[in-house]
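Structure first, commentary second.
In what follows, every chain begins at residue 1, and chains take the letters A, B, ... in the order their sequences are listed. The basis for the numbers below is simple: all heavy atoms, side chains too, and nothing from hydrogens, waters or symmetry mates.
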2 protein chains.
Amino acid sequence: MATSEAGRKAVKTPPRPLRRPLLEALPYFTGLSPQARSDVEARLVRLTLEKGEAALLEGEPSDRLFFVAKGRLKLLRTSEGGREHILRLLRPGDSFNEVAVFDGGPAPATVMALEPVTLYYLRRKDVLELLSRYPVVAEQVTRYLAQQLRELVSMVEDLSFKHVSARLAKLLLTHAQPAAGNGAGLREHLTQQDMAAMIGTAREVVARSLRDLEQSGAIRIDRRRIIITNRKLLEELA
Amino acid sequence: MATSEAGRKAVKTPPRPLRRPLLEALPYFTGLSPQARSDVEARLVRLTLEKGEAALLEGEPSDRLFFVAKGRLKLLRTSEGGREHILRLLRPGDSFNEVAVFDGGPAPATVMALEPVTLYYLRRKDVLELLSRYPVVAEQVTRYLAQQLRELVSMVEDLSFKHVSARLAKLLLTHAQPAAGNGAGLREHLTQQDMAAMIGTAREVVARSLRDLEQSGAIRIDRRRIIITNRKLLEELA
DNA sequence: CCTAGTTTGCAACCAAAGTTACATAACCTA
DNA sequence: TAGGTTATGTAACTTTGGTTGCAAACTAGG
């Protein structure tokens, strides 16, 4: 993360057969019949991006529904002042740009590659066709959209009711090593800048809050790695 | 608005034929064939609520997709501290509880009647059946969900980037009399408490911001009615 | 191994927003 | 219209969060 400015050149690579596991990993298309599956595959277009390149710029029209096959991206919204709020991190299996595809408006957020990335996309008309041809897909799509809505509602709630340190605590918890209880680190390294952009505040405030959390005994910061020393406590703070 | 606590008794009234205009006003079901229409109508259940009654409580399971036929409701999220954040005002033609119906989880928000209200609802299984039987419905539903997502993203952006006075200015603009330019009042009266709950702040802060806006010349407050005296300015502030 | 760029630590300060505490005005209902 | 209830106006104060400004620690590439 923490990439600086970026162009948006995209390398369109020649179509190449999809590996099965990928399509199966896309929530929209699990459990389709073989014919249906090839119907979908025939419409997918492959696309690769370098680190820092944008798949989508907020405000621009776009009718592509994207799927992440490889690599991670950030989906963010930018303020006039240049600050960014990261709404989601995208990883293989995720999709994005549903909003623009389904309501026909401009892209509501920018999506930028955090590392070399492979994407596939469908055009709006193909999506709608698949949607009406395969009801299962329609069902999966509505489920996915509903989940997104649920997450955003919870984000709104957090922003409006919780203080920075609570939002930070929650962020740490959702990024903690899964199995581990106490003593767990984060699954992937996040810079303070990243964390700030994810919970909607400034980097310095994150630093301050991290110190507070350390004071309280919930976490320990060891050579800029965050260790959760008291998960219970952290959950209470969140 | 500004209703106090409320029970949640609901009066289930005997089924009665839907007036055509209503069904036509529901975005999901416009443009259906007559048979399709009666297929939908046969599954709708009618429900009335008194002012202050809840159609839905956040956290409770619910598999009903609701449609507003008459009256207004507020859709809100409550904090532990009892503060509420109003996410949307619902009026005839609106629907709610898509999230729980489509992802199968608990209701993400509470919905409360602001006045006597008539609702219709469909059960989850009927919704899914209609969805797969009539592709047009699937398309309308995904469009509607996408619009909701767009609005929530914009709400998140506002909360994270804008100050209270900007959020308030925006709120006033979206509630201003439609046609009118300067000199326009609000379409419906909102108490400061309402406004505070809609932009995620405290009532006193709204009062303070209103004074600021009046100072700046964007609005005038005349016997607790808000008049927009300089729409341009208000738009800049937002 | 060295350097340029990135990330972090931290303090001091300022601005915004939340809180507390009342007084006053408007509204509704009996 | 009287009297209670709800909505407002406003000030003072506290807390949180945003900003500024560096210095130090780190890291990746050459």
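As judged by a 4.0 angstrom heavy-atom cut-off over every strand, R223(A) is placed among residues making no nucleic acid contact. Residue contacts for A207(B): at a heavy-atom cut-off of 4.0 Å it reaches a base atom on one of the strands shown. V164(A) comes within 4.0 angstrom of the backbone, heavy atoms only, and of no base.
Take the nearest nucleotide of DNA chain D for S165(A) and for R225(A): the residue whose nucleotide is more 5' is S165(A). Residues T201(B) and R224(A) both approach DNA chain C. Their nearest nucleotides, taken by heavy-atom distance, put R224(A) toward the 5′ side. Looking at which nucleotide of DNA chain D each of E204(B) and A202(A) is closest to, the 5′-most match is held by E204(B). Each of S160(A) and I221(A) lies near DNA chain C, and the nucleotide nearest I221(A) is the one positioned closer to the 5' end.
Contact annotation: Q192(B) reaches the phosphate of dG9(D) (side-chain N/O to OP1 or OP2, under 4.0 Å). OP1 or OP2 of dT10(D) sits under 4.0 Å from a side-chain N or O of R211(B). Taking 4.0 angstrom as the limit, H189(B) places a side-chain polar atom (N or O) nearer than this to OP1 or OP2 of dT8(D). Note on H163(B): every side-chain N or O is 4.0 Å or more away from OP1 and OP2 of dG18(C). In terms of phosphate contacts, Q193(B) brings no side-chain nitrogen or oxygen within less than 4.0 Å of OP1 or OP2 of dT8(D).
Across the protein-nucleic acid pair, M195(A) atom CE and dG18(D) atom C1' stand 18 Å apart, rounded to whole Å. Counting to the nearest Å, the C1' atom of dG18(D) and the CZ atom of R167(A) are 12 Å from each other. If you take CG of L237(B) and P of dA16(C), they are 13 Å apart, rounded to a whole angstrom. Separating the CG atom of D212(B) from the P atom of dG9(D) is a distance of 13 Å, rounded to the nearest angstrom. Rounded to whole Å, the distance from CD on Q215(B) to C1' on dG9(D) is 13 Å. Atom C1' of nucleotide dT8(C) and atom CG of L168(A) are separated by 15 Å, given to the nearest angstrom. In this entry the distance linking CG of L190(B) with C1' of dT6(D) reads 16 Å, nearest Å. Nucleotide dG18(D) holds its C1' atom 13 Å from the CD1 atom of I199(A), rounded to whole Å.
Here the straight-line distance linking atom CG of L210(A) with atom CD1 of I226(A) works out to 5.0 Å at 0.5 Å rounding.
F161(A) and H85(B) have perpendicular rings, their planes meeting at more than 60° on a 0 to 90° scale where under 30° would count as parallel.
The main-chain N or O of K162(A) is found under 3.5 Å from a side-chain atom of R167(A) such that the two form a donor-acceptor pair.
The residue from M112(B), R77(B), K74(B) that alone fulfils the side chain to side chain contact (heavy atoms under 4.5 Å, CB included) condition with E84(B) is K74(B). When each of L171(A), T201(A), V205(A) is checked for a side chain to side chain contact (heavy atoms under 4.5 Å, CB included) with M195(A), only L171(A) meets the rule.
Ring centroids of Y120(B) and F67(B) are separated by 6.0 Å or more, keeping the two rings apart.
If you check distances only, the side chain of R208(A) does reach the base of dG17(D) with a donor-acceptor pair under 3.5 Å. Residue side chain R203(B) does not reach the base of dG18(C) through any donor-acceptor N/O pair under 3.5 Å, judged by distance alone.
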